[in-house]
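As a basis for the values below, the full set of heavy atoms in this structure was taken, side chains included, without hydrogen atoms, waters or symmetry mates. In this chain, residues are counted from 1 in sequence order.
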Amino acid sequence: MTRKVWALLCAGALVTAAAGCSSSGSGDSGGKVTLSYGIWDKNQKPAMEKIAQEFGKTHPGITVKVELTPGSKDYWTKLQTSAAGGSAPDVFWMNGPRVGLWASQGALLPLSDRIAKDGFDTTKFPESLNSLYTLGGKQYGVPKDFDTIGLWYNKNLFDKAGVKYPDASWTWDDVRTAAKKLTDSGKGVYGIAAPAWSQELYYNTIYQAGGYVISPDGKKSGFDDPASIEGLRFWVDIINKDKSSPTIQQLEDTDPIQMFQNGKTAMFYDGSYDAIAYNQTEGLNADVVPLPAGPKKKAVIIHGLANVVYAKSKHPDEAWEFVKFLGGEQANKIQAETGTVIPAYNGLQDTWVKSMPKLKLQSYIDQVPDAVPYPRSMNTSVWSTKETELIAQAFAGTKDLDATAKELAAFMNDALAKE
C-alpha cells in the first residue's frame, strides 16, 4: 500500500450483486473448474501466474486465470463495476481502507469458519495484518504481503554536514536536531521532507505520542486527543517553526520522493514499497533505519494486501482452496523472489531483505512487533477525504492545528455514527 491510498478510495458506496448473480468463475466440462484471480500490479503478474501453475499441480481439477487490470485506480473502478453486475473475480486483492465497506455490503465471503474447519494457521502472519482484515469477529482476508515505514537518510549530505548517521536509538529530538543542522536553505537543501501523508508520516507519530486515529471499536475519532495532536504538531513544527522541511506547496509541486532521490532532502519517512526505487537510483548513497521513537513509545503503521473470496463466486470451495494455497509457504516463497514486496508469511521476509543487500532492509522487518494496523472503519473514504484536506491546511500553516484537529474529529465522529 502507498501514500496514494486515500486518493484511490471510491467516493460512492459499493453496489453489490443481487442474490443469484454469478461470478466470472466458470465450470468446464468434465467437472473442471476455472477460477479468476484479480490483481493490479504488472510487476507481480509473473509471480502470481507461477503460483497459479503450482496450485494446479496439486489441484488438477482447478485452473486459475490471473486477470490483470494495470494500475490500482483502474482496478478498483473495474472491480466495483463487476461486483455490481455479479461478475467480480472469484479471488482478488483487497486493501485495508476498503475492506470494511466491501465486507459490510456483503461482497466478501467470511473466511473464519473455513479457517477453523481446515485448521489453517493464521499465526504465520503478523497479528496486526490478521486484525486489519477482521471485522465483527470475522476474518475476510488472508494476508498476502505487508509494508512498514522507515527513516531514509542521504549519507553524503550527513557526511557533508558532519552529522552522525541515524540508528535504531533515535528519538523525535534527534530528528529535529539533525534536520536543523542538515538544512541549507541557500542551496535549497532541507533536513527532511514532511508532506501531509498519513501512512508514511503523521499516523506513525500520532501513535508514537500515545494517541490514536480511531478507537478500537470503530466508533470514535482520536484526532482531538491531546496525544494525537502532539503527534501532528511534530511535523507542523518541523515545517513552520524549524523551517527544516520544504513547504507543503513545494512538496505538492515536486514529489518528495524525487527530492530525496535528487539530494534536496537529507531524510524522509517512507515505506518498504519504495526501497526498490531508492536502490535503483544512480548516484544516491542512502540507507534506512527503523522509525525514531516518540515521547511515549515506538510505533509504526503496518499495511498489506490480502487475498479475498468474492461472496457471489460460483465456486466458493475451490476459491478458498486457492486462497489457502496463496497463504502457504510455497506461494509466499515464489512471491518473495520478486523482491517487490515483503511476503506476509513469517520466516520468509529474509528473501526480500537479501534482494537488495546494500540496504539495511531488515529495519522494516524489525519493527513488526511495534506495528499498528492501518486505521480504517466500515467506510473509510467518507472521513479520509476530509482528513486529507484539513491536515494539509494545518501542515501548510494556514489553519490552526488545534482547531483543525477538533473540526476533523467532529466530522469523523458524525461519519462513524452513520456507518
Side-chain angles (χ1 to χ4, degrees), residues 1-10 14 16 23-25 35-52 55 64-83 87-103 105 107-111 122 125-126 129-130 132-135 139-147 199 271-273 302-313 316 319-328 331-332 334-336 338 340-345 352 373-374 376 380-381:
M1 199 62 226
T2 72
R3 59 203 157 275
K4 301 178 180 64
V5 64
W6 298 127
L8 299 178
L9 284 165
C10 298
L14 167 71
T16 57
S23 77
S24 59
L35 299 176
S36 51
Y37 181 32
I39 70 170
W40 70 67
D41 187 351
K42 65 179 181 180
N43 294 323
Q44 294 190 54
K45 186 180 180 182
M48 298 303 104
E49 289 181 331
K50 185 175 180 180
I51 290 171
F55 172 74
V64 177
K65 180 182 178 182
V66 178
E67 296 183 348
L68 171 69
T69 302
S72 56
K73 184 176 182 179
D74 289 340
Y75 169 88
W76 290 112
T77 299
K78 179 180 177 181
L79 189 63
Q80 182 174 347
T81 301
S82 62
S87 59
D90 299 282
V91 178
F92 54 91
W93 287 356
M94 176 55 58
N95 67 15
R98 288 181 176 83
V99 67
L101 180 62
W102 282 72
Q105 296 198 352
L108 304 181
L109 184 72
L111 303 177
T122 58
F125 314 111
L129 288 185
N130 286 318
L132 186 63
Y133 291 99
T134 300
L135 299 100
Q139 187 159 341
Y140 288 89
V142 171
K144 171 189 174 293
D145 54 45
F146 75 85
D147 47 70
Q199 181 179 358
S272 50
Y273 35 77
I302 189 171
H303 185 263
L305 302 184
N307 288 298
V308 298
V309 176
Y310 180 43
K312 304 301 179 183
S313 169
W320 165 240
E321 285 299 315
F322 181 51
V323 167
K324 280 197 300 182
F325 187 83
L326 287 166
N332 273 267
I334 294 172
Q335 181 176 248
T338 66
T340 56
V341 292
I342 306 174
Y345 196 94
W352 177 79
Y374 195 103
R376 57 104 175 97
T380 308
S381 64

Between Asn332 and Pro343 the two heavy atoms that sit nearest each other are OD1-CB, 3.6 Å

NZ/Lys65: more than 12 non-hydrogen atoms of other groups inside 6.0 Å
no

| task | Using a 4.5 Å cut-off on heavy atoms from C-beta on, say whether the side chain of Trp40 contacts that of Pro70. | result | no

Between Leu108 and Val99, is there a side-chain heavy-atom distance shorter than 4.5 Å? yes

Close side-chain approach of Leu101 to Thr380, heavy-atom, < 4.5 Å
no

message: We want to know whether Tyr75 and Trp93 form a side-chain donor-acceptor pair, criterion being a heavy-atom distance below 3.5 angstrom.
response: no

One should read off an interatomic distance between Gln139 CD and Leu129 CG, to the nearest 0.5 angstrom, of 10.0 Å

Scanning both residues in full, the closest heavy-atom pair of Ala107 with Tyr310 reads O-CD1, 3.3 Å

Next item on the list: Take Leu326 and Val91 through the test side chain to side chain contact (heavy atoms under 4.5 Å, CB included) and record every step on the way to the result.
Entry: CA-CA 10 Å; Leu326 287 166; Val91 178; 4.2 Å; yes

Step through it carefully: locate the ring centre of Tyr140, locate the ring centre of Tyr133, and say whether they are under 6.0 Å apart.
-> no

Rounded to the nearest 0.5 angstrom, the OG-CG distance for Ser72 and Leu79 is 12.0 Å

- Give a yes or no answer on whether the side chain of Ser87 reaches the backbone of Ala83 with a donor-acceptor pair at less than 3.5 Å. no

Under 3.5 Å side-chain donor-acceptor pair for Asp90 and Ser313 = yes

key: Side-chain donor/acceptor of Arg376 to backbone N/O of Leu132, under 3.5 Å   = yes

Correct closest heavy-atom pair for Ala47 and Ile334 would be O-CG2, 3.7 Å

To the nearest 0.5 Å, atom CD of Glu67 lies from atom CG of Leu35 at 10.5 Å

Min side-chain heavy-atom separation Ser82-Pro89 under 4.5 Å: yes

Quiz item: Do you see a donor-acceptor pair shorter than 3.5 Å between the side chains of Thr69 and Asp74?
Solution: no

Run the side chain to side chain contact (heavy atoms under 4.5 Å, CB included) test on Tyr345 and Gln335 for me, step by step, so that the C-alpha distance in whole Å, both residues' side-chain angles and the decisive distance to 0.1 Å come before the verdict.
CA-CA 10 Å; Tyr345 196 94; Gln335 181 176 248; over 6 Å; no

For the pair Phe325 and Ile51, evaluate side chain to side chain contact (heavy atoms under 4.5 Å, CB included) and give the outcome as yes or no after the intermediate values.
CA-CA 9 Å; Phe325 187 83; Ile51 290 171; 3.8 Å; yes

Below 30° counts as parallel, above 60° as perpendicular, anything between as tilted: where do the rings of Tyr37 and Phe322 land?
perpendicular

Exercise for review: Report yes if some heavy atom in the side chain of Val309 is under 4.5 Å from a heavy atom in the side chain of Leu111; otherwise report no.
Suggested key: yes

Exercise. Could you walk me through whether Phe92 and Trp102 pass ring-ring contact (aromatic ring centres under 6.0 Å, His included), step by step?
Key: CA-CA 12 Å; Phe92 54 91; Trp102 282 72; 5.7 Å; yes

Indicate yes or no: at least one non-hydrogen side-chain atom of His303 is less than 4.5 angstrom from one of Pro373. no

(Q) With heavy-atom distances below 4.5 Å as the criterion, would you say the side chains of Val142 and Lys324 are in contact? (A) no

In Asp145, Asp147, Thr340, the residue satisfying side chain to side chain contact (heavy atoms under 4.5 Å, CB included) with Ser272 is Asp147

Polar side chain donor-acceptor pair, Gln44 to Lys144, under 3.5 angstrom = yes

